Amino acid sequence: MFEIRVICETPDREAVVSGLRSQFNIGRVRSSLSLTSGGERLYITADLPAANPWPTPEQAYAVAPSIVREIGWTARAAAERPLYTDLGREFWLRKAAVLDRIALADDRENAPGDAAEAATKAARRLMDLDSASGLGPSGHADGPYVPDHPESTRNPRGYVRQEYAIWHKNNQ
């Protein structure tokens, strides 16, 4: 792992980050104002890309319940929770996994829609929850990649597959 420091104009920030993301596994981007006006200093932890560290969808969801059944479970869990209580990790993991499966089906069928965006958003919610909760010594359930790892940040849905496969194996 290494750190990259970039000084760029503020309007170029997204293009710089996108370009780095295409070449490296980058983590969260920290920034501060540069000494020149209109510029930013970006500090980015990065690593070279791994071959393919994530379980394939077929591996992660091999024995998962049907999509319809999982949608029903998440709807019931949300509806039956006591007022003003947070939904737990299992809810966010199963919701992110079912949205990932829907997005994968849409991708295979070239179906228009925002399933991939919803799946990524739910995956990031799970990663934030795992990062904040301190599950296990590394801040996540049990996978090789922690939620704040550059590879996880680059591929949130891969993180969901990793965590779902581990969770399902441990909860059969």
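Quick caveat: nothing in here was measured; it's all calculated off a predicted structure.
- Sparse packing is recorded around CG of Leu33, with 12 or fewer heavy atoms of other residues, nucleotides or ligands lying under 6.0 Å away.
- Of all non-hydrogen atoms in Asp47 and Met1, the two that sit nearest each other are OD1-N, 3.9 Å.
- Remark: the backbone N or O of Ala116 is paired with a side-chain donor or acceptor of Thr120 at under 3.5 angstrom.
- Note: Asn155 CG to Arg157 CZ = 8.0 Å, rounded to the nearest 0.5 Å.
- Summarising the geometry, atom CZ belonging to Arg81 is positioned 7.5 Å from atom CG belonging to Asp86; distances are rounded to the nearest 0.5 Å.
- At a cut-off of 3.5 Å, with distance as the only test, no side-chain donor of Tyr164 or Asp100 sits close to an acceptor on the other residue.
- In this structure Phe91 satisfies the ring pair (Phe, Tyr, Trp, His ring centres under 6.0 Å) test with no other residue, sequence neighbours excluded.
- Residues Ala60 and Arg161 come closest through the heavy atom pair CB-O, 3.6 Å.
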Report task. Check the pair Glu151, Trp54 against side-chain contact (heavy atoms from CB on, under 4.5 Å), reporting the backbone distance first and the verdict last. Result -> CA-CA 9 Å; Glu151 190 65 33; Trp54 307 112; 3.5 Å; yes
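- Residue pairs meeting the salt bridge (charged side-chain N to carboxylate O under 4.0 Å, His left out) criterion with at least one partner in residues 22-33, sequence neighbours excluded, are Glu3-Arg30, Arg28-Asp128, Arg28-Asp148.
- Taken from CZ in Arg124 to CE in Met127, the straight-line distance is 7.5 Å, to the nearest 0.5 Å.
- The nearest pair of heavy atoms linking Ala122 to Leu99 is CB-CD1, 3.7 Å.
- Between His149 and Asn25 there is no side-chain heavy-atom pair separated by less than 4.5 Å.
- With rounding to the nearest 0.5 Å, the separation of CD1 in Ile7 from OG in Ser32 is 8.5 Å.
- Heavy atoms from other residues, nucleotides or ligands lying under 6.0 Å from CZ of Arg69 number 12 at most.
- Looking at heavy atoms from C-beta onward, Phe24 lies out of side-chain contact with Ile44 at the 4.5 angstrom threshold.
- Rounding to the nearest 0.5 angstrom, the gap separating the OG1 atom in Thr10 from the CG atom in Leu42 is 8.5 Å.
- Put simply, the side chain of Trp73 reaches to within 4.5 Å of the side chain of Glu90, judged on heavy atoms.
- Arg13 is linked by a salt bridge (charged side-chain N to carboxylate O under 4.0 Å, His left out) to Glu40, counting only residues two or more places apart in sequence or in another chain.
- Annotation: side chain of Arg101 is in contact with side chain of Glu70 (closest heavy-atom distance under 4.5 Å).
- For Arg76 (side chain) and Gly72 (main-chain N/O), a donor-acceptor pair under 3.5 Å exists by modelled atom type.
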Requested in this report: Might you work through the side-chain contact (heavy atoms from CB on, under 4.5 Å) test for Val160 and Gln162, ending with a clear yes or no?
Outcome: CA-CA 5 Å; Val160 168; Gln162 165 190 274; over 6 Å; no
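- Taking each heavy atom of Trp92 and Leu129 in turn, the nearest pair found is CD1-CD2, 4.0 Å.
- Here the side chains of Arg154 and Ile26 are not in contact, with every heavy-atom distance at 4.5 Å or above.
- Note: the hydrophobic cluster containing Leu104 does not contain Val98 (ILVMFWY, side chain heavy atoms under 4.5 Å, direct or indirect links).
- Between Arg41 and Arg5, the closest heavy-atom pair is NH1-NH1, 4.2 Å.
- Here the rule is side chain to side chain contact (heavy atoms under 4.5 Å, CB included) with Val6, and of Val17, Leu20, Val29 only Leu20 fits it.
- When all heavy atoms of Ser152 and Pro147 are compared, the pair lying nearest together is CB-O, 3.5 Å.
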